[in-house]
Peer 1: 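Structure incoming, see below.
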Amino acid sequence: MKTISIAIDGPSGAGKSTLARSLSAKLGYLYVDTGALYRTIGYYVFTKGIDPKNEAAVQAVLPDIQVEMTYGEDGLQHMLLNGQDVTKEIRLPEISMYASAVSAHPPVRAFLLEMQRELARKNNVLMDGRDIGTVVLPDAQVKVFLTAAPEARAQRRVLELEQRGTPEPFEKVLADIQKRDWDDSHRPTAPLKQAEDATLLDTTELTFAESEAALLKIIEEKAGQ
Ligand code: DC
């Protein structure tokens with residue numbers, strides 16, 4: 001069976017996961033949140049007290065890590081770390097920086113690459129991340145680079161954190177987003193960047209419904225070709 005792959009890349013907080021989850025349900029595609037994979041490694045490194053920037057130290061523990069992805073009855077992607085469900089833990093704000101730091105190491109990226117490709121070989125996927133269109137699935141039929149101004153992304157994140165009961169000030173959230181943007185797009189291996197053949201979608205001025213409609217239009221146009 002020839003599968004269809006939709007790659008959605010972009011910086012944190014651009015709305016990738018919310019939009020991708022909603023659209024994959026509508027299209028009947030498997031939604032793969034690849035950031036959760038890096039978060040799972042970041043979480044392991046955090047629990048072991050390892051400096052996430054120390055590539056040799058992180059590489060040394062990779063053989064001890066088993067990462068699995070399952071889809072719960074809720075239809076949501078759950079992450080298993082050595083058999084333990086860490087879906088909630090990997091969303092803690094401090095894990096974002098750990099995920100970003102470990103994701104810069106080539107051995108970590110190599111460790112997770114095949115798993116992502118295998119999912120796309122077996123399923124129609126809507127995969128979101130930073131390097132899906134450029135590295136993981138360069139032959140994806142649809143590639144979208146989803147972005148928004150840092151202030152708009154920070155504002156959305158502030159609301160999300162408030163709703164989750166873990167509020168944080170706007171200035172801190174904005175500074176974290178700017179640091180992560182810089183780190184993710186300036187690392188030498190698989191940096192965050194728009195693939196040449198990706199369609200740019202800037203959601204700064206768009207509501208969720210408008211962003212979803214715009215994304216669906218791009219997908220329909222490209223997948224229909
Ligand atoms: O999408 P997210 O915020 O959950 O991702 C967490 C970190 O993982 C992000 O800062 C960069 C990294 N990441 C990556 O390097 N490549 C991906 N395909 C997805 C995420």
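Below, all heavy atoms of this structure are taken into account, side chains as well, without hydrogens, waters or symmetry copies. Order of appearance sets the numbers: ligands from 1, and atoms from 1 within every ligand.
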Peer 1: Got P107 and L62 here, is their nearest side-chain heavy-atom distance under 4.5 Å?
Peer 2: yes
Peer 1: For Y98, give me all partners under ring-ring contact (aromatic ring centres under 6.0 Å, His included), at least two apart in sequence or on another chain.
Peer 2: F46
Peer 1: Salt-bridge test for E220 and K217: reply yes if a basic N is under 4.0 Å from a carboxylate O, no otherwise.
Peer 2: no
Peer 1: Examine L19 and I4 and state if one hydrophobic cluster contains both, with Ile, Leu, Val, Met, Phe, Trp and Tyr joined whenever side-chain heavy atoms are less than 4.5 Å apart.
Peer 2: yes
Peer 1: Please tabulate, one line per pair, the protein nitrogen or oxygen atoms found under 3.5 angstrom from a nitrogen or oxygen of ligand 1, with distances to 0.1 Å, or say none if there are no such pairs.
Peer 2:
unit_1, atom_1, unit_2, atom_2, d
ligand 1, 1 (O), R130, NH1, 2.9
ligand 1, 1 (O), R130, NH2, 3.4
ligand 1, 3 (O), R39, NH2, 3.2
ligand 1, 3 (O), R130, NH2, 3.2
ligand 1, 3 (O), R180, NH1, 3.1
ligand 1, 4 (O), R39, NE, 2.6
ligand 1, 4 (O), R39, NH2, 3.3
ligand 1, 10 (O), R180, NH1, 2.8
ligand 1, 10 (O), D184, OD1, 3.4
ligand 1, 10 (O), D184, OD2, 2.9
ligand 1, 15 (O), S103, OG, 3.3
ligand 1, 15 (O), R109, NH1, 2.8
ligand 1, 15 (O), R109, NH2, 3.4
ligand 1, 15 (O), R187, NH1, 2.9
ligand 1, 15 (O), R187, NH2, 2.9
ligand 1, 16 (N), R109, NH2, 3.0
ligand 1, 18 (N), T34, OG1, 3.0
ligand 1, 18 (N), R130, N, 3.1
ligand 1, 18 (N), D131, OD1, 3.0

Peer 1: Between E118 and M115, does a side chain to side chain contact (heavy atoms under 4.5 Å, CB included) hold up when you go through it step by step?
Peer 2: CA-CA 5 Å; E118 179 76 0; M115 186 176 174; 5.8 Å; no
Peer 1: Within a radius of less than 6.0 Å around CD of E114, do more than 12 heavy atoms belonging to other residues, nucleotides or ligands occur?
Peer 2: yes
